[in-house]
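Take a look at the structure below.
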Amino acid sequence: MDTKTISYSLRNYKKQLIFGPIFKTIEVIFELFIPLIMKQIIDVGIEKGNMGDYSYIIYLGLIILGLVVFGFFSTMVCQYLSSVCSQGFGTDLRNRIYKKVDELSLKELEIVGKGNLLTMLTNDTSRLQVGVASLIRLAIRAPLLVIGSLIMCIFVSIKAFYVFLIAVIIVSIFVTIIFILSSKQILKVQKKVDKIVTISNDDLAGSRVIRAFNKEEDEVLKFKKINDEYYKEARKNAFFNALVNPLTYLIINSAAVIIILLAKNYINLPDEMSSGDLLALIQYLNQIMTALLVVFNLVIVFTKALASRKRVNNFLTKESSIKSGNIKEDIFKNGNPLITFKNVFFRYEDGDNYVIKNVSFNINKGETVGIIGGTGSGKTTIIKLIERFFDSSEGDVLFNSHNIKEYDINYLTSIISLVSQKVSIFNGSIKENLTMGNENIDENNIIDALKKADAYSFVYNYEDNLNHEIVEGGKNLSGGQKQRISIARALLKKGEVLILDDSTSALDFLTDKSVRNNIKQIEGLTTIIVSQRATSLTDCDKIIVMYHGGVESIGTHEELLKTSKVYQEIYYSQVKNYE
């Protein structure tokens, strides 16, 4: 069983997959015998009953009752097994998809897209669950019922068998055509669903921006457009599906009419077809019709499931472009730079231009290094390369004189603490958010980190302090509060490198300076501060000035004020002393 496909999620449910269809087969066998027994009751039992002997009817009635009871028992066992299997399969598959999200690099996740990921975790997984349940409950029952009913017809009337066989073949051809058309249409519908999910997520996340720019009507029109496109594609698919039931009824009932006409012709030929024969044939015809309708519904279910299977398998079989190395522990050697960029170029896979080009610099252990530059100058890209969210297109990024690609990803992540530009606060208590990097940390260390991040006062103003509940996305916290909690969380991780990617932008100048001074007192910590504020970097050991994707200058605040025109422009425009 391929461990990278959805079938691997069925590994613990082999018994259910085997015994479920077996019990369903038993139920079908019991059901197939009932029309023959009813035939005997009508042809023989009623005649004996007219003579006062009801024992034969009672005897056969008890047999039917027994078949029904055992059939019901078999059905319930099958239903239970299918529920256990399908629900367990869905749970395991969701876990695997979610785990895969964490395993893939940002490059792959950006290609897949947020909308697709959410659809896979919800819609696709649900379809596959229904597909597994239907596979156990109905995939065996419906075909067996059709085939079994046809075989039973042979014992009643060979002519009726041929009529039924022709009807089944016609319906089967029809269902096959619908399957081909519907499968293509379902894929189109799914793509429209993905777009609806993506637009909905964007609008919900940016609702305040939309209202601030009075763009509500534009967003409604944009959503209406994609929703109308979905409606058109879904309507085509519904049209295909809507044809099946009436045409199936038409074909099968036409067969019933032919059987009745055959029976009429047999009236003048005694012993050819009895009333019991006719009743049995009609019952088998009903079983065939019901089973064929189920088969078509299965076709719809499996078509959707196959489309979802293809999407999920494509995702699960993706390999991260960021391959983990072997170095899991490294002793720092004095005199070596901790981080080195050597002629580094980077561009996105589908990008035409380099985001950064020919970037070279060193960061020594224990230094506080600032990175500044205009929008789009490549500041955050440098951080992504240090964190190995992406790998350089050209050139080398070194960590402790080793190529960063030689390090184990988990080890590298464990020694780097990142406070990203876009703060992520999760639903749960403040303490749960703070202890993400180290769940076993004691409260004294938590308090110390909160004080360094200047977050202690507002956290302990809550009656339940560390146990105070944060709602989804941290919406009950201000921007500055979220940033300070994120900084405290990063400090509690106790990594060797702390990266602050424009993570104090919501803080006032005094709080920003206080937090930076507190961090600078941490012995041996290498700190990289990316900021738009030149005043936030004045105390750095050195500042890297980025300009149009390249390094314009490197130096201290005082040195850059003398040598770097870009830094001068940024600094003086912010302090309003530029002449």
Would you please say whether a donor-acceptor pair under 3.5 Å links the side chains of D454 and S514? no
Residues forming a salt bridge (charged side-chain N to carboxylate O under 4.0 Å, His left out) with R94, sequence neighbours excluded: none
So which atom in I226 and which in F223 form the shortest heavy-atom distance, rounded to 0.1 Å? CG2-O, 3.1 Å
Distance-only criterion, 3.5 Å: show the donor-acceptor pairs between side-chain atoms of residues 539-554 and protein atoms not counting sequence neighbours.
residue, atom, partner, partner atom, Å
D541, OD2, T368, N, 2.7
K542, NZ, N362, O, 2.5
E552, OE1, S564, OG, 2.6

Step by step, would you call R11 with D92 a salt bridge (Lys or Arg N to Asp or Glu O under 4.0 Å)? CA-CA 10 Å; R11 65 194 181 280; D92 185 80; 3.2 Å; yes
Should I528 and L498 count as side-chain neighbours, where that means a heavy-atom distance under 4.5 Å? no
Does N326, at its CG atom, have more than 12 non-hydrogen atoms belonging to other residues, nucleotides or ligands within less than 6.0 Å? no
What verdict does the side chain to side chain contact (heavy atoms under 4.5 Å, CB included) test give for K310 and N313, after you've listed the backbone C-alpha separation in whole Å, the side-chain angles of each residue and the deciding distance to 0.1 Å? CA-CA 5 Å; K310 183 178 180 181; N313 274 344; over 6 Å; no
M120 and T125, any side-chain heavy atoms less than 4.5 Å apart: no
Would you mind reporting whether I404 and L398 have side-chain heavy atoms less than 4.5 Å apart? no
Taking atom types as modelled and ignoring hydrogens, do the side chains of S324 and D408 form a donor-acceptor contact shorter than 3.5 angstrom? yes
Would you say N343's side chain and G395's backbone share a donor-acceptor pair under 3.5 angstrom? no
Would a 4.5 Å heavy-atom cut-off, applied to side chains only, mark N433 and R489 as touching? yes
Is the side chain of Q481 donor-acceptor paired with the backbone N or O of F458 at a distance under 3.5 Å, no angle test? no
For residues L385 and F341, determine if any side-chain heavy atom of one lies less than 4.5 Å from a side-chain heavy atom of the other. yes
Closest heavy-atom pair and its distance - A453, I487: CB-CG2, 3.9 Å
Excluding sequence neighbours, so at least two apart, what forms ring pair (Phe, Tyr, Trp, His ring centres under 6.0 Å) with Y354? F345
Whether E219 and K222 form a salt bridge (side-chain N of Lys/Arg under 4.0 Å from carboxylate O of Asp/Glu) is what I want to check. yes
Heavy-atom pair with the smallest gap, counting every atom of T413 and K493: O-NZ, 2.5 Å
Quick note, ring-ring contact (aromatic ring centres under 6.0 Å, His included) partners involving residues 487-545, not counting sequence neighbours, are none
For Y456, does the six-membered ring have the charged nitrogen or CZ of K451 within the cation-pi criterion, i.e. under 6.0 angstrom from the centroid and within 45° of the normal? yes
Side-chain heavy atoms of F389 within contact of L418, under 4.5 Å: yes
Is there side-chain contact between V312 and L93, with at least one heavy-atom pair below 4.5 Å? yes
Would you say the ring centroid of Y407 lies under 6.0 angstrom from that of F399? yes
Trace of the side chain to side chain contact (heavy atoms under 4.5 Å, CB included) decision for I529 with I371: CA-CA 6 Å; I529 303 173; I371 302 177; over 6 Å; no
If you look at every heavy atom in I372 and S531, which pair is closest and at what distance? CG1-O, 3.3 Å
Is the count of non-hydrogen atoms from other residues, nucleotides or ligands lying under 6.0 Å from K15 atom NZ greater than 12? no
Contact check, side chains of C85 and V132, non-hydrogen atoms, under 4.5 Å: yes
Before accepting this row, confirm whether a basic side-chain N of the pair D396/K342 lies closer than 4.0 Å to the acidic partner's carboxylate O. no
Heavy-atom nearest pair, L507 first then R533, reads O-NH2, 2.7 Å
What residues form a side-chain contact (heavy atoms from CB on, under 4.5 Å) with V423, not counting sequence neighbours? I425, K482, Q483, S486
Would the distance check show the side chain of T91 and the main-chain N or O of Q87 forming a donor-acceptor pair, the cut-off being under 3.5 Å? yes
For residues 459-467, which side-chain donor-acceptor pairs fall under 3.5 Å, sequence neighbours excluded?
residue, atom, partner, partner atom, Å
Y460, OH, E443, OE2, 3.1
N461, ND2, S457, O, 3.2
D464, OD1, H468, ND1, 3.2

Aromatic ring pairing Y348/F390, orientation class (parallel under 30°, perpendicular over 60°, tilted between): perpendicular
Closest heavy-atom contact between L500 and S503? CB-OG, 3.2 Å
Between the NZ atom in K452 and the NZ atom in K520, the distance rounded to the nearest 0.5 Å is 16.0 Å
